[in-house]
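Below is one structure; the comments refer to it alone.
For ligands, and for the atoms within them, numbers begin at 1 and follow the listed sequence. Scope of the values below: all heavy atoms of this structure, side chains included, with no hydrogens, waters or symmetry mates. Since the model is a prediction, treat every value here as computed from it, not as a measurement.
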Amino acid sequence: MVIHLKDISLRREETQILKNVSWDVEPGEHWAVYGMNGAGKTALLNMLCAYYLPSTGDVEVCGHVFGKSVLGDELRRKVGIVSAGVQQMLRQDDNTFEIILSGAFASLGLYEKVTDAMRDRAVGILHDLNAYHFANQPYEVLSQGEKQRALLGRALMGEPELLILDEPATGFDFIAREQLLDTIQTIAEKDHGPSLVYVTHHVNEILPVFTNILLLKEGRVFAAGKTTDLLTSETMSDFVGMPVEITWQNERPNMTRK
Ligand SMILES: Nc1ncnc2c1ncn2[C@@H]1O[C@H](COP(=O)(O)OP(=O)(O)OP(=O)(O)O)[C@@H](O)[C@H]1O
């Protein structure tokens, strides 16, 4: 099991952030996580990366049972994450190649010995992500789309079992977003690649590879299952609390207000 959450609750100060959350992700599955602002998506991701421990319930991520084994670097090597939080922590003057290489160490800079095999792998990733032409550019001068590809490369360098993408297309123009989604689709289709968890506010970003969806509302699982079963006008009207219509075009959903 890539993710196994059983009856999780998470409390911070006086706030009950997650309530009775159960969720299983099997190897090879790709999931979208959809919810409104404040639904608890970031809190859920922070728990998968062991930044938060649940107040009650069981958590297992990539074979690590929280509370039983020593977490930290070993778990973080198996879980890649692309998020605004990681973006802010990077050294802004490192170039794309260095950022990707640093993913080999689950560290935020290059402090350990880089081998030729690591260099070769990073070059392969640069090619896969169509990022070779900005390999020598410092992170701070990259466009949003390029930054996100650098982060994706860094996450892939660690050969993760689970790759979490937290609203990766936020602030992107149409072309940059579609290019990023193409890259994500390619990663998802690779044999022996990581399971993907894609967190978004926009149903239109849910690519056909995300065959499963978790609908999170006010800290609870509203529904979890097959995307095609749950992304219907009826379920989504219930979920958002207003009449909406879901339409599909080229296997991509759209949601509009009725
Ligand atoms: N450390 C904390 N202490 C207290 N409350 C918190 C803490 N972290 C999150 N919360 C609260 O938990 C709720 C869920 O927050 P979270 O950031 O997980 O939502 P989200 O679904 O990621 O929202 P968004 O889509 O806006 O990013 C919010 O009401 C937030 O204020």
Side-chain angles (χ1 to χ4, degrees), residues 3-25 30-59 61 66-67 71-72 75-76 79-90 144 147-148 151-152 155 162-172 176-177 180-181 184 195-207 210 212-225 227 230-231 235-242 244 246 253-257:
I3 297 173
H4 172 64
L5 304 181
K6 186 148 180 283
D7 236 352
I8 292 300
S9 66
L10 177 69
R11 218 183 157 74
R12 278 284 174 285
E13 284 117 50
E14 293 308 297
T15 316
Q16 187 77 29
I17 303 176
L18 298 173
K19 300 151 203 157
N20 305 103
V21 170
S22 294
W23 181 32
D24 286 331
V25 174
H30 303 303
W31 282 73
V33 175
Y34 179 78
M36 301 298 142
N37 292 128
K41 303 181 296 297
T42 305
L44 182 71
L45 300 186
N46 280 332
M47 216 172 52
L48 299 178
C49 297
Y51 294 121
Y52 287 171
L53 288 177
S55 315
T56 57
D58 302 328
V59 184
V61 178
F66 289 19
L71 297 164
L75 173 74
R76 287 189 193 120
V79 182
I81 182 156
V82 172
S83 68
V86 175
Q87 205 173 111
Q88 278 162 15
M89 284 191 288
L90 292 177
Q144 273 305 316
K147 281 183 175 167
Q148 220 56 317
L151 277 191
L152 259 177
L162 171 63
L163 177 57
I164 296 172
L165 305 162
D166 187 6
E167 296 173 30
T170 299
F172 280 31
R177 186 186 79 158
L180 181 75
L181 292 175
I184 291 168
S195 288
L196 302 187
V197 168
Y198 188 94
V199 179
T200 185
H201 291 126
H202 304 290
V203 294
N204 187 244
E205 290 174 13
I206 300 174
L207 297 169
F210 296 103
N212 297 283
I213 188 167
L214 178 77
L215 298 176
L216 202 61
K217 185 174 184 177
E218 293 163 10
R220 293 181 193 277
V221 175
F222 179 85
T227 307
L230 295 178
L231 275 189
T235 303
M236 293 310 284
S237 295
D238 247 15
F239 180 64
V240 299
M242 66 168 77
V244 292
I246 300 286
N254 267 305
M255 184 163 81
T256 44
R257 200 169 172 179

Tell me the contacting part of Tyr52 for ligand 1: side chain, backbone, both, or neither, using a 4.0 Å heavy-atom threshold, strictly below.
side chain

For ligand 1, which atoms sit closer than 4.0 Å to a heavy atom of Thr42?
17 (O), 18 (O), 20 (P), 22 (O), 27 (O)

Atom 13 (C) of ligand 1 [closest protein heavy-atom partner, distance rounded to 0.1 Å]:
Gly38 O, 3.7 Å

Which atoms of ligand 1 have any heavy atom of His201 under 4.0 Å away?
24 (P), 25 (O)

Would one find an N or O of Ala43, backbone or side chain, under 3.5 Å from an N or O of ligand 1?
yes

Counting from 1, what ligand 1 atoms have a heavy atom of Glu13 closer than 4.0 Å?
3 (N), 4 (C)

Interfacing atoms of ligand 1 (cut-off 4.0 Å, heavy-atom, Ala39):
19 (O), 20 (P), 21 (O)

From Asp166 atom CG to Thr200 atom OG1, the distance as rounded to the nearest 0.5 Å:
9.5 Å

Please indicate, with yes or no, if any protein heavy atom is found under 4.0 Å from atom 31 (O) of ligand 1?
no

Distance under 4.0 Å to a non-hydrogen atom of Asn37: what atoms of ligand 1 satisfy this?
23 (O), 24 (P), 25 (O), 26 (O)

To the closest 0.5 Å, what do you measure between CG (Leu10) and CE (Met47)?
6.5 Å

Nearest 0.5 Å, please: how far is CD in Glu167 from CD in Glu205?
8.5 Å

Only residue of Val197, Leu152, Leu45 satisfying side-chain contact (heavy atoms from CB on, under 4.5 Å) with Leu165 is Leu152

